[in-house]
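Notes for the one structure printed next.
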Amino acid sequence: MTVYILNLRVFWPLVTCLCTAMLFFHQTILKGQESDPDGCSEKGTGTLSLLKFVLPILLCYFLIKYCSSPQGRGRGRERELPEIPHRQGPTRRELLESYYERQVRLSPHVLGHSKAHVAKLVSELVRAGRAEIPPESTLAFRGDFVQIGSAYEEHKVSSPDCFDILVPLRLPRGLKLDSRCSPMGEGELGGGPPLCSLETPRKSEWARQHQTFVESFLSEEGRGDAYWLSPAPVLRWFYPTVQRCLGAIRYPFEQRCYITLSLTEDRVLLRLNPRSDYVCCHISMGIRLIPAFHLGDRAYLVAQPKTEAAGGKQGALWAVYFPKQEQKLLGWLKGRLPVNSCHLKCLQILKAMRELSGQVLDSKGAAEWRAVLSSYAIKTAWLRLLLTSAPESWEERHLVERMEDLLRCLRDALHSRQLGHLFLGGHPGLLPDFLSLPKPLKDAPPSNLMAGFDPSSLDLVSARLAYSWTHLHRLIRLGRSQRDSVGSGVRCKHLESK
């Protein structure tokens with residue numbers, strides 16, 4: 001039933017005008033009736049008519065003034081407030097839940113189809129390049145692959161269009177490489193992601209007998225008495241090898257999708273574009289194939305991106321990846337947390353918020369924003385919070401509180417210029433005992449993920465992060481949708497690199 005409320009600020013002026021008009025017409029009629037035949041009225045009658053005209057106006061004026069006074073408004077409000085419900089905007093939790101369902105949440109069905117197709121293609125690819133016995137003086141595929149990244153850790157955002165695959169390589173038969181690890185190669189930055197070098201003595205018998213391999217893959221950077229295995233020649237060998245293997249197995253797959261292979265800087269990228277419904281929603285996918293060397297205890301060395309390893313000694317260093325340790329840790333944490341835990345939702349929303357905020361920045365600001373708030377830095381802060389908080393505090397009803405805690409952890413790290421690497425951050429008691437590290441890394445110095453960034457940039461990112469959280473509703477409304485009509489979502493980071 002519709003209820004109409006009387007607006008006194010409109011009603012009383014309207015009544016005053018109406019009464020004044022009626023009085024005016026009344027006096028005009030009386031004036032015509034009481035006038036003399038010669039057209040002149042008596043003076044007493046005119047004065048009385050003027051008083052009759054003024055008194056109603058004064059009465060209405062005082063009545064309107066009373067209704068507009070605090071006393072008059074107060075009495076009316078006491079009756080009106082219980083009857084008029086006050087409509088508010090969505091709460092912060094409602095906003096997060098709505099944004100997660102519409103823009104962030106990934107369909108497990110679509111993700112399962114995509115991962116299955118990627119696994120089938122990559123397994124055939126590496127099997128085609130596998131060497132039954134170690135090669136004599138070149139590299140070879142080991143025959144297996146390691147799935148890494150958010151798509152395999154259940155915190156992928158929006159669409160399963162990007163996949164990272166490690167492809168372990170075999171060294172030539174008889175070649176022994178020693179690994180030496182340090183934060184950013186003991187350079188001027190004094191920290192950063194852990195990097196390692198792979199060395200072999202220059203005067204070794206193997207090096208003298210295999211000069212072709214030495215000239216093709218090894219360099220003389222670093223110490224004068226050792227050769228270093230550099231990532232650049234490994235990548236140059238890796239791309240044509242993948243191309244040759246793809247040519248051997250591509251025919252059955254190209255009946256359902258177009259397959260292209262490209263080399264962009266340090267990225268060997270497989271692009272899959274559908275011909276038919278081989279996966280739901282016709283999703284185009286990018287698969288980054290990453291050559292890697294096994295370091296021990298399921299840790300791997302991979303080529304360092306050129307933006308971080310710029311020339312000189314840095315160009316011969318390898319980054320350390322811990323994919324199996326991270327996946328095992330996530331499985332252990334999942335077993336400790338409540339069934340209705342919001343821990344994955346918090347990480348996904350924060351990564352999506354980073355993308356939204358980066359859309360309004362220029363190219364330079366967006367690149368700096370993503371470099372500081374890298375996915376690995378965000379995941380490290382998130383894992384540290386999970387390891388140091390009570391499991392029951394991650395129930396679904398605490399979503400907003402845990403989001404605020406995660407943002408606070410990140411801002412504290414930005415202000416202190418310190419975010420320790422999860423496995424090499426100098427806090428061994430933080431991790432459960434069942435996680436083991438390779439022997440070369442057990443004595444490595446602590447690594448700081450915030451090292452190497454300009455302090456003013458960290459302060460700017462911290463301020464921008466606080467602004468993004470406060471004005472998230474505006475960013476959601478003004479930002480570009482992370483899902484398009486076919487569900488392809490945010491452009492794959494690998495596809496954007498081309």
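Computed from a prediction, not measured in an experiment: that's the story for all the values here. Both backbone and side-chain heavy atoms feed into the values below; hydrogens, waters and symmetry mates do not. Residues: numbered from 1 along the sequence shown.
A cation-pi contact links R202 to Y227, judged by a cut-off of 6.0 Å to the six-membered ring centre and 45° from its axis.
Applying the side chain to side chain donor-acceptor pair (under 3.5 Å) test to E401 and every residue at least two apart in sequence or in another chain returns nothing. The side chain to side chain donor-acceptor pair (under 3.5 Å) test applied to D454 returns S456, not counting sequence neighbours.
At a cut-off of 3.5 Å, with distance as the only test, no side-chain donor of S123 or R127 sits close to an acceptor on the other residue. Counting only N and O atoms by type, the side chains of Y376 and E326 include a donor and acceptor under 3.5 Å apart. Counting only N and O atoms by type, the side chains of H398 and E392 include no donor and acceptor under 3.5 Å apart. Judged purely by distance below 3.5 Å, without hydrogens or angles, the side chains of T260 and R271 never pair a donor atom with an acceptor atom. In this model, no donor atom of one side chain and acceptor atom of the other lie less than 3.5 Å apart for T212 and S137.
Applying the ring pair (Phe, Tyr, Trp, His ring centres under 6.0 Å) definition to pairs two or more places apart or across chains, none involves residues 242-271.
Checked options V167, V320, V146; the residue passing with Y300 is V146 (criterion: side-chain contact (heavy atoms from CB on, under 4.5 Å)).
Enclosure of atom CD in Q147 by more than 12 non-hydrogen atoms of other residues, nucleotides or ligands within 6.0 angstrom is indicated.
A salt bridge between D144 and R142 is present, with a side-chain N of the basic residue lying under 4.0 Å from a carboxylate O of the acidic one.
The ring of F423 has its center no closer than 6.0 angstrom to the ring center of Y321. Separation of the H113 and H117 ring centroids does not fall under the 6.0 Å cut-off.
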